Number of protein chains: 2
Amino acid sequence: MNINDLDYFNQLIKQKNFSKVAAAFNVTQPTITMAIKRLEREFNTTLFLRDRVHNELIVTPSGEQLAVHVQTILSELQVAHQELNHLADQHMVLGLPPIIENYYFPKVAAELQRQEILENIQTLAGGSVWLRNALRDGQADVALLGSTEPLAYRTLVAEEFDRQPFNIFVSARHPLATRKRVYFSELKREKFVLFNSSFVHNTAFNKLTRRNHFRPDVVFRATDTHVIMNLVAENVGVTFLTGIVDQHRDDVVRLELLDDEQPAFISSIVTRTSHVLTPMQQRVIQVLRATLEE
Amino acid sequence: MNINDLDYFNQLIKQKNFSKVAAAFNVTQPTITMAIKRLEREFNTTLFLRDRVHNELIVTPSGEQLAVHVQTILSELQVAHQELNHLADQHMVLGLPPIIENYYFPKVAAELQRQEILENIQTLAGGSVWLRNALRDGQADVALLGSTEPLAYRTLVAEEFDRQPFNIFVSARHPLATRKRVYFSELKREKFVLFNSSFVHNTAFNKLTRRNHFRPDVVFRATDTHVIMNLVAENVGVTFLTGIVDQHRDDVVRLELLDDEQPAFISSIVTRTSHVLTPMQQRVIQVLRATLEE
DNA sequence: AGCGACTATCAATATAATTTATATCATCGT
DNA sequence: ACGATGATATAAATTATATTGATAGTCGCT
């Protein structure tokens, strides 16, 4: 059996049209016909019903079932390709969401540099949700991810290294600036400056607004903490961030939340279950652990 | 890329000898050489180091990494083959450990027969541990499994339908027969008649003996409840079983355990995550649910 | 009836895998 | 040092397999 046939099959499941699949792979239409025939013979079953009456291609239960396996086979191959590329180049790709890159990574980088392995690390930036997929697809080998629940995915191994409460940040000129702690419900009338939706902050924030039954007035969304903090300082709105962000400014005040059952910002070191760590990668992970879990 | 090449590669990882792999597949040795070359070109890397000095084949890190993926790919294909076979034959294979077959399945079978789908079900007997692997490898499509902990495996979905405490059964002539409840520690000096090690009962039993710091005197092990019960009735020893076993005899007395934190016999309906249920299979599972979860 | 959108069939051709035969390389025994 | 042995590699010939190009079949639509 040839991987090509699986590729063709996979596309046919999606496109449901032999000719279009052929075009997509730059081969002629009979090629696809033959490929599917080969698979049908190999598995001794019918995978598609060519319904000429309604002019549509119907996937049989066998076809549906095979499609599931073919998917994992193809993605497994894709991951293998990427992993072996990284191995050949002697580098590893470390996924880092901006917040973690800003507030945890400097410490790590210093140690990695001391051990002369920083040069072997390529970082990949992106929101935690996006990075989780990149990790699954083999684009990244290791990632530091934020989440509001402990990460539990089939294909990933996560090791929690920190858990931070979320805080509210307001301008020093804001009425709440004299407080140390607030209930989330006290923020019903506030304007918010927040991260955009690729950040876990939003999951947590949404949980809290839903629990407190209000629709927040979000006046701006950004992807950069400093932009958000500057807006907060200008009293454009208040924000919702972890305590780990920059606190070295006197024009912004941090307030703790008094609510019970607050969501937490959980940071984890995550790898694929299928990933075999090289000695270099093991050292990197050990540095991550040693530096982050303290 | 050809699946054959992956097969050859997989064997070579295990056997570390080109000629032997060739022999195993009934092909000539250059075939293997070429197959590995193709893979090395495809992945643009070296998979094996041919160490002629020490006359051994060394797997490179890339080789190790690829091996992991090749394994899952091949097993995925194997599962696909079996599943499609079952689909074509319009049957499903239901894994049943003997205890569950005896004490839960009769009810289920009656209902399945009423719905005329019993004929489509092939049962596969075996211990819960063995059946778990059979399910993973595609030999079974659905299984009812016993366990002492909730089942949580990457590739399997489990749905608990019952949880039973374990009980002690003694002969009516036994000194403890007048009691209703005992502590497990009171059984230190007893002789035991038990199931053999392919049953989860053992896991639970061992937990209790360890917790109570004693080495049980096991005088006999069997695979059949009735054999065990007959021996207990004859006062050969006492036994440790779930309460669901046959209680319609007056020569044996059931005692509950008074211990805190007792292990439980958890019964679950288990399927593969990758398995697509046909309408027939869905009906079967619905019958299982309806009959068992009540 | 004829056209358009699909899929199947088949002989010819192109591509790829396997075999057969032989070469290379390192080791071991004498 | 020499030849035998066990292992993998190489190259040409052979065999097997995939793809193409041309064409035919089927159905709906107008």
Side-chain angles (χ1 to χ4, degrees), chain A residues 1-60 62-64 66-67 70 73-74 77 81, chain B residues 1-60 62-64 66-67 70 73-74 77 81:
Chain A
M1 198 198 315
N2 204 302
I3 298 290
N4 270 345
D5 288 358
L6 299 184
D7 257 322
Y8 297 156
F9 171 78
N10 189 44
Q11 270 304 114
L12 187 56
I13 287 280
K14 287 178 185 156
Q15 303 224 34
K16 307 243 196 309
N17 179 311
F18 282 65
S19 312
K20 283 180 188 157
V21 172
F25 284 99
N26 271 312
V27 294
T28 57
Q29 167 265 312
T31 304
I32 311 301
T33 300
M34 292 306 194
I36 300 304
K37 270 199 166 174
R38 280 192 292 271
L39 288 179
E40 295 192 318
R41 190 146 41 83
E42 163 94 26
F43 287 98
N44 189 30
T45 189
T46 310
L47 297 170
F48 297 94
L49 298 175
R50 288 73 164 177
D51 180 353
R52 295 190 142 146
V53 182
H54 305 90
N55 199 16
E56 59 184 347
L57 199 61
I58 295 163
V59 185
T60 65
S62 297
E64 300 278 9
L66 184 57
V70 167
I73 288 172
L74 294 179
L77 269 177
H81 258 110
Chain B
M1 197 198 317
N2 204 300
I3 299 291
N4 270 344
D5 289 357
L6 299 185
D7 257 320
Y8 298 156
F9 171 79
N10 189 43
Q11 270 304 113
L12 187 56
I13 287 280
K14 287 178 185 155
Q15 303 223 36
K16 307 244 197 303
N17 179 313
F18 282 65
S19 312
K20 283 181 189 155
V21 171
F25 285 99
N26 269 311
V27 294
T28 57
Q29 166 265 313
T31 304
I32 311 302
T33 300
M34 291 309 197
I36 300 304
K37 269 198 169 177
R38 280 192 291 272
L39 288 179
E40 295 192 319
R41 189 146 40 85
E42 163 94 26
F43 287 99
N44 189 30
T45 188
T46 310
L47 297 170
F48 297 95
L49 297 176
R50 289 74 163 177
D51 180 352
R52 292 188 139 151
V53 181
H54 305 90
N55 200 14
E56 59 185 347
L57 199 61
I58 296 163
V59 185
T60 65
S62 297
E64 300 279 10
L66 184 58
V70 166
I73 288 172
L74 294 179
L77 269 177
H81 259 110

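Please read these numbers as outputs of a predicted model, since none were measured by experiment. Order of the sequence lines sets the chain letters (A, B, ...), proteins ahead of strands, with each chain counted from 1.
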> Does A:Gln29 make a side-chain donor-acceptor contact with the base of C:dA8, cut-off 3.5 Å?
Replying inline: yes

> Would you say a side-chain N or O of A:Ser19 is under 4.0 Å from OP1 or OP2 of C:dT7?
Replying inline: yes

> Should B:Arg50 be listed as having a side-chain N or O under 4.0 Å from OP1 or OP2 of D:dA9?
Replying inline: yes

>> If you only use heavy atoms from C-beta on, which nucleotide in D:dT19, C:dT18, C:dA8 is closest to the side chain of B:Met34?
In response: C:dT18

> Ring centroid separation for A:Phe48 and A:Phe9, is it under 6.0 angstrom?
Replying inline: yes

> Just how far is it from atom OG1 of A:Thr45 to atom CG of A:Leu66, taken to the nearest 0.5 Å?
Replying inline: 9.0 Å

> What pair of heavy atoms forms the shortest contact from A:Leu77 to A:Ile3, and how long is it?
Replying inline: CD1-CD1, 3.6 Å

> More 5' along DNA chain D: A:Ala35 or B:Lys16, using each one's nearest nucleotide?
Replying inline: B:Lys16

> For B:Asn26 and C:dT19, what is the distance between atoms CG and P respectively, to the nearest whole Å?
Replying inline: 9 Å

>> At less than 4.0 Å, is any side-chain N or O atom of A:Lys37 found next to OP1 or OP2 of C:dT9? Yes or no.
In response: yes

>> Looking at A:Asn17, I'd like to know whether one of its side-chain N or O atoms comes within less than 4.0 Å of OP1 or OP2 on C:dT7.
In response: yes

>> How close do B:Val70 and B:Asn10 get, counting heavy atoms only, and between which atoms?
In response: CG1-CB, 4.1 Å

> With respect to the side chain of B:Thr28, which nucleotide from C:dC6, C:dT19, D:dT8 is positioned closest?
Replying inline: C:dT19

> Nearest to the side chain of B:Arg38, which nucleotide is it out of D:dT10, C:dT7, C:dT18?
Replying inline: C:dT18

>> Without decimals, in angstroms, what is the distance between A:Ile32 CD1 and C:dT9 C1'?
In response: 16 Å

> Between A:Ser62 and A:Thr46, what is the shortest heavy-atom contact and its length?
Replying inline: CB-O, 3.8 Å

> When you match B:Leu57 and A:Tyr8 each to their closest nucleotide on DNA chain D, which lands nearer the 5' end?
Replying inline: B:Leu57

>> Given D:dT19, D:dA9, C:dC10, identify the nucleotide with an atom nearest to the side chain of A:Pro30.
In response: C:dC10

>> Heavy atoms from C-beta onward define the side chain here; which of C:dT19, C:dT7, D:dT20 lies closest to that of B:Val27?
In response: C:dT19

